[in-house]
Amino acid sequence: MNKYFSFQWHITDECDQRCKHCYIFSGDKYHDLKSMTWAQMEDTFYNCLDFCEVYGRLPYFYLTGGDPILHPDFWRLLALFKEHNVPFTVMGNPFHLNDQVCREMKYYGCEKYQLSLDGLRETHDWFRKSGSFDCTIEKIGCINRSGMRSVIMTTVSKTNRMEVPGIIDAVVASGANVFAFSRYVPSGGDLDASMTPREYRELLAICDKKFKEYEAEGAETYFNKKDHLWTLYEYETGAFKIPADAK
Ligand code: SF4
């Protein structure tokens, strides 16, 4: 049995982007952007630790938002993780990363920083905002230099599925440590953005071929398949040993 129990923790709605597929900003109703208070965050953190203790598991956190770094108590929360020696990953935007910020996250115990690529430059920037693609590719270097692992996640829909092979090429060329993708989950009146089962099967075959070709070439990027419980990555469950030089 997997020794970890992972929590995906959304601490703020604040974000520099307004992605077309975002569930926070979906629908036609404006709502105030919410962030957890420090008291709520402490309470949640210790609740999670208690839960893991009761069930004999180790906690693992995926910290997200919005862009979690925009939460005023982001660094305070990281200090709490470090104090309790709890491992975590941050899933956020590239805009506030630089070498120093990445080194500090690593100091507090952040193992991975996950960024999104939702297409090649034109499509990704259409989904997210102008300049987002180039900024994302650039910040992979900051993450790698800090000693954290860089993860690129692609949300695949009918709109961008034909660009996935090109995204894989860009990810490998950028030196990202891990690539993963998942299917888009409609959150409003956008059901037509979902792939049909046949389209998804075709995409899986294309990706499988590409992954194998890159693996045969010895590419540094690890192509991840999430485990069936949608929790930890394969290499965190022990099913896969990531090469020492990719850590
Ligand atoms: S970056 Fe994430 S939180 Fe921000 S708008 Fe896009 S999907 Fe939503």
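Whatever order the structure lists ligands and atoms in, that order sets their numbers, starting from 1. Index from 1, following the sequence.
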With atoms numbered from 1 as shown, which atoms in ligand 1 lie under 4.0 angstrom from a non-hydrogen atom of [X]?
| X | answer |
| --- | --- |
| Gly66 | 3 (S) |
| Gln17 | 1 (S), 5 (S) |
| Arg128 | 1 (S), 6 (Fe) |

How about [X] and [Y]: does a side-chain donor come under 3.5 Å of a side-chain acceptor?
| X | Y | result |
| --- | --- | --- |
| Gln17 | Ser132 | yes |
| Asp169 | Tyr214 | yes |
| His84 | Tyr46 | yes |

(request) Check Asp16 against ligand 1 and report side chain, backbone, both or neither, counting heavy atoms closer than 4.0 Å. (result)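 None of Asp16 does.
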
(message) Using a strict threshold of under 4.0 Å (side-chain N to carboxylate O), is an ion pair present between Arg145 and Asp99?
(response)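 Here Asp99 pairs with Arg145 in a salt bridge, since their nearest N and O are under 4.0 Å apart.
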
(message) Just to verify, which of Thr155, Ile168, Thr154 counts as forming a side chain to side chain contact (heavy atoms under 4.5 Å, CB included) with Phe181?
(response)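 That would be Thr154; it is the only one of Thr155, Ile168, Thr154 passing the side chain to side chain contact (heavy atoms under 4.5 Å, CB included) with Phe181.
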
(request) Select the closest option to atom 4 (Fe) of ligand 1 among Cys15, Cys22, Gly65, Ser116, judged by heavy-atom distance. (result)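 Checking each option, the heavy atom nearest atom 4 (Fe) of ligand 1 is found in Cys15.
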
(request) Note the single closest protein heavy atom to atom 6 (Fe) of ligand 1, along with its residue, its atom name and the distance in Å. (result)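 For atom 6 (Fe) of ligand 1, the nearest protein heavy atom is Cys19 SG, 2.3 Å.
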
